[in-house]
Amino acid sequence: MDQRRSQLTDLELLLEVIDALPDAVSVFDLEFRILRLNAAASSLVQDGGIDPESVIGQSVFDALPNIRHSDWDRALRSAAATQTPALFERFAPSVGHWMETRVIPRGQVLISITRDIEERHVAERRASESTAVLNALLDSTADTMFVKDGDGRFIAINHAGAAIVGMAPADLLGKTAFDFAPPDMAERAREAEQDVMTARATIRTEDRGLGGRYFEVARSPWYDSHGELGGVVGIATDITERRARESEKALLAEAGRVLSESLEYRNTLHAVAQLVTPALADWCSVHVLTPDGSIETLAVAHANPDKVRWARDISQRYAADHRATAGVPNVIRTGRSELYSDVADDMLVRAAVDVENLHLIRELQMRSALIVPMSAHGRTLGAITLIGAESGRRYTESDLPLVEEIARRSAIAIENAELFRAAAAANRSKSEFLASMSHELRTPLNAIIGYSELLSEGITGPISPAQQEQLTRVRASAAHLLGLIDEVLSFSRLEAGQERVVHQDVTLATILEEAAALVRPMASAKRLPIFIQPVNDNAICTTDILKLRQILTNLLTNAVKFTDAGSIAISAACDSSVCTFEVRDTGIGIGGDHLDRIFDPFWQVEQTASRRVGGTGLGLSVTRRLARLLGGDVTVASVAGQGSTFTVTLPRVPLPKA
Ligand code: ADP
């Protein structure tokens, strides 16, 4: 009796518990009649506008007609028929939530438990949305993005990354780099991942990857929800193009440097050929068109010098055929590049002159070739040939711009060298002309000076005071003219490189005296004193005395010319290696913007004084050239209106020739 009561109590208790459950629990017999509804199920029925009490004992399909043909209908029938549980999810519009219903067959009854899974659904939806967003993000970039576990196995990778290996992302999951990359490459990746996990920090590396491409990889550690190190995430950017552009830029800069280094274009083109081997080619040759129209092999380069000698032999033995419709002669004739991406053997057979020649060409192992013209200003001066041989390099259209640019710069270098040579030759003949002209002018001028002196001495007859004055003017003008001619003569001799230097010991005190004495009459006429500052009597400079005297007189003459009041001072000093001469005046000075130019030939400051005093504008240019010829220089310091100081420095003893 007690046991029954307690059993009843247990049943009641159980029903209470079932009623208290948040899940809707309903019990049906095998004819789908509703036997029982717990509180949650009753309230669901009520939500549908039906009295829960009234449905007990009714077939569920009669009580709730709209469940016919629904998932619930199918689940009930299947559980009853198969005696196995059935499960389905549906959206319940009455509550606006997702529900999960499980129908469990238990002997003669079916128990249906419906649970509100809205929260789980929302969480799942969010998770799947964020996965979708993440995947969209991963696939929106051309960079490779990946996540790996601590053993280097892919947990995720985007399409771009998987495509490099030629796979879909799903195929790579669970694999490591050792499954698809060469062992040394996979090993480097593994080491990099280990480093990141040890350092627990982001590490960037640049490395060669699959397909000969270069990647910059940034790897960072990732941590699981317990804060444990999970593995490595990484972003790999393909930097092959960037590197190629950088090295192209560097190569062009280097070619520019080599080409501007000297005007000896034969040497520079040789250096260019060396430069592109092996950066751009296994072989490089440079051909130029000679003035007689033949084609000369100027340079051949290969990493191996023995091969270069051998190739030179061939090119000498088999001169290029001018009429050839392909190859170097054709490129030079048409000014258009030729690209042979794949050189097949039958092409060699056609190109060979004879059997021996074919044998030699085959030895080159040519696989690919590129011939570009060296053209400048519409003229083709030669061609550069690049050959891909043992390296397996293949040329494509994309190689053309860089090589054509190098060839264009080479052509400009050749042209500049030619122009320079022509200009130097023209300059030399101009200087030679000036030198001989000046010489020819001096002879009659000396006669004019000589005869006017004879006249003024009255040897040929008496001279009136008026005639005497005119003769003095003739002599002064002739002397001035002679001075100008001498200046032009010095300049042109210096320009033509005809000045010879004769060294002797020069006492500084003496040379100052001599130079001052030459200018003193001119200075006295303007009432300008010339002060010579005392110099150690024994101070000696070993140099060319005539040239030093000319330097000092030029500077003193200018000082007098451009000074109206005040004085001129001249000084000299020597230390163990350098002798310094200074010529100071208190004249009109030179404005800062003119200081750089006064040493240029034929240049004069545009001013009333220089027009008044006249001159060629050659004096300072000659002075500086003379000083440089003696191994020294002339500099100036001046303030307009306050005078100028010209400083000459010369080596105390001649410098050994470089
Ligand atoms: P020239 O004296 O024949 O004109 P130079 O080459 O000797 O040629 O001098 C160039 C110019 O430099 C002069 O025309 C003048 O304007 C300026 N110059 C040279 N020396 C002096 C000086 N001591 N003071 C001021 N100006 C000077």
[X] to [Y] - nearest heavy-atom pair and separation:
X: Leu400; Y: Ser337; value: CD2-CB, 3.7 Å
X: Leu629; Y: Lys547; value: CD2-CE, 3.8 Å
X: Leu548; Y: Leu630; value: N-CD1, 4.3 Å
X: Pro651; Y: Gly632; value: CD-N, 3.9 Å

Any donor-acceptor N or O pair under 3.5 Å, side chains [X], [Y]:
X: Ser456; Y: Arg475; result: yes
X: Asn554; Y: Thr623; result: yes
X: Ser490; Y: Gln550; result: yes
X: Ser294; Y: Thr290; result: yes

Decide, based on the SG atoms alone, whether Cys579 and Cys574 are under 2.5 Å apart. yes
Ion pair check, [X] and [Y], cut-off under 4.0 Å:
X: Arg473; Y: Glu469; answer: yes
X: Glu248; Y: Arg243; answer: no
X: Glu338; Y: Arg336; answer: no
X: Glu254; Y: Arg257; answer: yes
X: Arg408; Y: Glu405; answer: yes

Asn558 side-chain N/O to Leu555 backbone N/O, donor-acceptor pair under 3.5 Å: no
Atom [atom1] of [X]: over 12 foreign heavy atoms under 6.0 Å:
X: Met522; atom1: CE; answer: yes
X: His439; atom1: NE2; answer: no
X: Glu397; atom1: CD; answer: no
X: Lys430; atom1: NZ; answer: yes

Going through the checks in order, is the side-chain contact (heavy atoms from CB on, under 4.5 Å) test met by Val300 and Trp283? CA-CA 7 Å; Val300 178; Trp283 288 95; 4.1 Å; yes
Interatomic distance, Phe562 atom CZ to Asp585 atom CG [nearest 0.5 angstrom]: 9.5 Å
Could you tell me the separation between the CD1 atom of Ile414 and the CG atom of Leu381, rounded to the nearest 0.5 Å? 5.0 Å
What class does the angle between the rings of Phe646 and Phe599 fall in, given that below 30° is parallel, 30 to 60° is tilted and above 60° is perpendicular? perpendicular
